[in-house]
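Numbers here simply count residues along the sequence, with the first being 1.
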Amino acid sequence: MIRKLWPYTRGYRKWILFGVLCSASEAVFELLLPLVMADIVGTGIPSGDTGYILTRGALMVGMALLSMSLGIGSAFLSSRAGQGFGANLRQAQYDHIQAFSFRNIEKFSTASLVTRLTNDCNMLQMSLMMSMRLLVRAPVMLVSALVLAVSISLKLSRVFLVALPLLLVLILLIVRHVSPMFSAFQERTDGVNLVVQENLSAIRVVKSFVREDYEREKFKKRNDDLRNIAERAFGFVVMNMPIMMLITYGTIIAVMWYGTPLVQGGELDVALLSTFFTYITQVLMSLMMVSMIMMMVTRAIACGKRVAEVLDEVPDIADETGSTCAVSDGSVDFDHVYFKYNDGAEKWNLRDIDLHIKSGMTVGIIGATGSAKSTLVQLIPRLYEAQEGTVRVGGRPVRDYSMEHLRDAVSMVLQKNTLFSGSIRENLLWGDENASDADIEAACEAACASEFIHRMPDGYDTDLGQGGVNVSGGQKQRLCIARAILKKPKVLILDDSTSAVDTATDAKIRAAFRTQLPDTTKIIIAQRIISVMDADLIVVMDDGAIVDMGTHDQLMAASEIYRDVYQSQQEGASIDG
C-alpha cells in the first residue's frame, strides 16, 4: 500500500524528511531532561551548590525551549506534507476518473467515488500527519527510554519483560479485530452518501410522490448500519485506553515494590529511582501512542485500498494510436456491429448493426423502450466500445482518432439533460468557450431558446442554480441543444432531446437544423414519429437490432411495426384533440 501511494508525496518529501527529524530530535531532548533533573536532585541539592543548580537549571530551560521549537517545526512540516499529499491524491483520482469510460464509472457508485475523493483522502492525509509526529516520536522515545532505564537499574528493568509483551499482544489483538470493521465502516459510509445523494438530487420526485417517510426510513436503516459498525469498531479502540492504563499503573506499582528495598539497601539512589519512574511512564505511554497510531493506520489502510481501486482501474477505452487526424466529415458507418454491456452476458444488447449514414443526412431512430437506441448512438463518440464489428466516423474507424478529436466532432444531447451551476451564458460556452455573442444568439435562435431567455430578468446572465433548477424541462432541453449547436459539430446526436417541447417548437428546431446545419449529420432519437417524418432515413429498432429502415413513405408501405406505431400515435392525437 505504501509503495502504491508513495508517488503522490512527490513535491513534499523534503518536508516529510525534515518533519521526521524534528519529531525524533524533540523526543531525544525530552528524554534527556530527566537526567539533568536527576543531577540537580542527586548532586546540586545535597551539596548546596547554588551555581551548579542554576547552571543545570538553565540547561534544562534551553533544552525545553529547543524541544518546544522542534515540536512546533514538526507540527508545521507534518501539516504541510499531509495536506499536500492529500491534495495530490485527490487530484490524481479526479484526473483518472475523467479518463473512465461509462463502463468504468458504472463499477463504482457516484456516492462511493465522492467518498473516496473526500473522506478516504482526508483519512490518509491525517494518517501521514500523525505518523510523521507520533509514529516517529513514539519508537524513538520507547527505545531511548528503555536504554536509559536499563542503564539506571538492570534489576528493575526486568518488569518490562512482563509489561511490554502484554501491551504488544493487546495491540495486535485489537488491530486484528478492528481492521475488517474499518473496511465495513467505509462501505457503510458509501451507503449513507448514496441515500443522501439520491434524495437531494430527486427531492422534487420524493415530494411529488409524498415519499418523505419512505426516504426517512431508508436513510435511518443506512444510518443505523453505519452507527452499529462504528460502535463496534471504535468500541475496541476505546477499550484500548483503560486496559493500557491498568498495565501502566501495575508496572509502576511493581517498580515501587521492588525498588524500595534497593533504595533502602543503598543499591539505588532516590533521585535515580524517580528518574526511572519517569522513563517507565514514557516507555508505556510510547506504546500507547503506537497503539493509537496503529488504529489510525489500520483505518487508513482500508481507505488506501479503496483509493487504490480507483487509481488501479484501467480505462477500457483509451487513445491507442496517438493519432492527431481530425474528423473530415459527418459520415457514420456501422459495419456489422455487436455490443453488450457485460462481457460475460449471453445476450447482445446490439446485434449485427449494419447502417451507413452519409454526411449531412438527417436520420431518425425510433423503437420501443429498451430497443438499444441510445446504446447505438453512444458508440459513435466511443462512450462505449463495440466488441465486434467496426464503427466509422468520417470514413475512419473511431479507434483511429484521439478521444479529443473524435468527441470534438460529435455533439451529443443525452436523454438526461444536464446544466451546471452558473449563468446561461457560462453553460452555453461549454459548446465553444470562444463563441461570440452573435454565435450564442444564433445557436439559441436555432434551438428556440432565445424566446424565453430574453424574458428572464438578466437575460443570458441569469443564474440557473445547481443543475438548472430555475428553468423548466423544455427550457433545459432547448439550452442543451443550443449548447450542442455552438460546438459546430460534424455529427449532432439528439437522444430523445425534444420530448419536453411541444410539436410546434420541435418542428421549428428541425427546420433550423436543415437551414443552419446543412453539412452536419443529424441523428435524432424520438418517441414521436412526427419528429422524424421528414428525415432522409428512418431506422426502426427492436430488441437491439435494426428491423426496418427507409423514408416515412417507404416504411408506411413496408414496415408493419412502423405503421402500427404511427397509427397508434395518430389515434392518440385524435383522442387528445
Does Ser74 use its side chain to pair, donor to acceptor, with the backbone of Leu70 at less than 3.5 Å? no
Return each pair, listed once, that meets salt bridge (Lys or Arg N to Asp or Glu O under 4.0 Å) where at least one residue sits in residues 10-20; pairs must be two or more places apart or across chains. none
Interatomic distance, Ile453 atom CD1 to Leu479 atom CG [nearest 0.5 angstrom]: 5.0 Å
Report yes if the side chains of Cys22 and Leu77 come closer than 4.5 Å at any heavy-atom pair, otherwise no. yes
Could you work out, with salt bridge (Lys or Arg N to Asp or Glu O under 4.0 Å) as the rule, every residue matching Asp224, not counting sequence neighbours? Lys220, Arg227
Answer yes or no: is there a donor N or O on one side and an acceptor on the other, between the side chain of Ser112 and the main chain of Phe108, under 3.5 Å? no
Could you walk me through whether Ser423 and Asp463 satisfy the side chain to side chain donor-acceptor pair (under 3.5 Å) test, starting with their C-alpha distance in whole Å, then the side-chain angles of each, then the deciding distance to 0.1 Å, before giving a yes or no? CA-CA 4 Å; Ser423 68; Asp463 187 74; over 6 Å; no
Partners meeting salt bridge (Lys or Arg N to Asp or Glu O under 4.0 Å) with Asp225 (sequence neighbours left out): Lys221
Working for side chain to side chain contact (heavy atoms under 4.5 Å, CB included), residues Arg407 and Leu383: CA-CA 9 Å; Arg407 292 175 181 172; Leu383 298 179; 4.1 Å; yes
Hey, does Glu217 have a side-chain heavy atom less than 4.5 Å from the side chain of Asp213? no
Salt-bridge criterion met for Lys347 and Asp543 (N-O under 4.0 Å): yes
Should the ring pair Trp430 and Phe420 be called parallel, tilted or perpendicular, given that the plane angle runs from 0 to 90° and is split at 30 and 60? parallel
Under 4.0 Å between a side-chain nitrogen and a carboxylate oxygen: does that hold for Asp312 and Lys4? yes
Can you list every salt bridge (Lys or Arg N to Asp or Glu O under 4.0 Å) pair that touches residues 113-127, not counting sequence neighbours? Arg116-Glu309, Asp120-Arg306
Closest heavy-atom contact between Val413 and Ala484? CG2-CB, 3.6 Å
Check whether any side-chain heavy atom of Glu215 sits under 4.5 Å from a side-chain heavy atom of Lys218, and report yes or no. yes
Is there a side chain to side chain donor-acceptor pair (under 3.5 Å) between Thr375 and Asn349 once you walk through the steps? CA-CA 8 Å; Thr375 303; Asn349 296 96; 6.0 Å; no
Using modelled atom types and a 3.5 Å cut-off, is there a donor and acceptor pairing between side-chain atoms of Ser411 and backbone atoms of Leu492? no
Donor-acceptor pair, Tyr401 side chain versus Val393 backbone, under 3.5 Å? yes
Heavy-atom distance under 4.5 Å between the side chains of Ile366 and Gln527, does that happen here? no
Given side chain to side chain contact (heavy atoms under 4.5 Å, CB included), test Leu124 with Leu89 step by step and report yes or no. CA-CA 9 Å; Leu124 287 167; Leu89 205 54; 3.4 Å; yes
What's the separation between atom CG in Leu376 and atom CD1 in Ile523, rounded to the nearest 0.5 Å? 7.5 Å
Hey, are the side chains of Ile380 and Val398 touching, using non-hydrogen atoms and a 4.5 Å cut-off? no
What do you reckon, is CD of Gln98 surrounded by more than 12 foreign heavy atoms closer than 6.0 Å? yes
Value for OG (Ser374) from CG (Asp496), rounded to nearest 0.5 Å, stands at 7.5 Å
Under a 3.5 Å distance rule, please check whether Ser371 uses its side chain to pair with a backbone N or O of Asp542 as donor and acceptor. no
Can you confirm whether more than 12 heavy atoms, excluding those of Met456, are under 6.0 Å from its CE atom? yes
Where do Asn104 and Pro315 come nearest, in terms of heavy atoms and distance? OD1-CA, 3.2 Å
Taking it one step at a time, do Ile440 and Arg425 satisfy side chain to side chain contact (heavy atoms under 4.5 Å, CB included)? CA-CA 8 Å; Ile440 293 174; Arg425 186 187 306 279; 4.1 Å; yes
Using side chain to side chain contact (heavy atoms under 4.5 Å, CB included), reason through Val471 and Leu419 one step at a time and then give a plain yes or no. CA-CA 10 Å; Val471 291; Leu419 295 173; 4.2 Å; yes
Do the side chains of Arg399 and Arg382 get nearer than 4.5 Å, heavy atoms only? yes
Would you say that Ile424 contacts Asp461 through its side chain, given a criterion of any heavy-atom pair below 4.5 Å between the two side chains? no
Okay, side chain of Lys373, backbone of Ala368: is any donor-acceptor separation there less than 3.5 Å? yes
For Gln387 and Lys340, indicate whether the former's side chain and the latter's backbone hold a donor-acceptor pair under 3.5 Å. yes
Closest non-hydrogen atoms of Val410 and Pro381, given as atom of the first, atom of the second and distance, are CG1-CB, 4.1 Å
Are the side chain of Asn193 and the backbone N or O of Thr115 linked by a donor-acceptor pair below 3.5 Å? no
Which residues share a side chain to side chain contact (heavy atoms under 4.5 Å, CB included) with Ile97, sequence neighbours left out: Phe100, Leu113, Leu117, Val310
Tyr214 six-ring face occupied by Arg211 cation (under 6.0 Å, within 45°): yes
Looking at every non-hydrogen atom in both residues, tell me the closest pair between Ala447 and Arg478 and how far apart they are. O-CG, 3.1 Å
Rounded to the nearest 0.5 Å, the CD1 atom of Ile525 sits from the CD1 atom of Ile365 at a distance of 5.0 Å
To check you understand the geometry: which heavy-atom pair defines the closest contact between Leu428 and Leu486, and what is its length? O-CD1, 3.2 Å
To the nearest 0.5 angstrom, please state how far the SG atom of Cys444 sits from the OH atom of Tyr460. 4.0 Å
For the student: nearest non-hydrogen atoms of Ala372 and Gly544, plus distance: CB-CA, 4.0 Å
Partners of Asn88 by side chain to side chain contact (heavy atoms under 4.5 Å, CB included), sequence neighbours excluded? Tyr8, Tyr12
Tell me if the CZ atom of Arg396 is crowded by more than 12 foreign heavy atoms within 6.0 Å. no
Ignoring hydrogens and angles, tell me if any N or O in the side chain of Thr189 forms a donor-acceptor pair with the backbone of Phe185 under 3.5 Å. yes
Is a donor on one side and an acceptor on the other found under 3.5 Å between the side chain of Ser79 and the backbone of Ala75? no
Which value, rounded to the nearest 0.5 Å, describes the distance between Met126 atom CE and Cys303 atom SG? 12.0 Å
Sub-4.5 Å side-chain heavy-atom contact between Gln91 and Asp95: yes
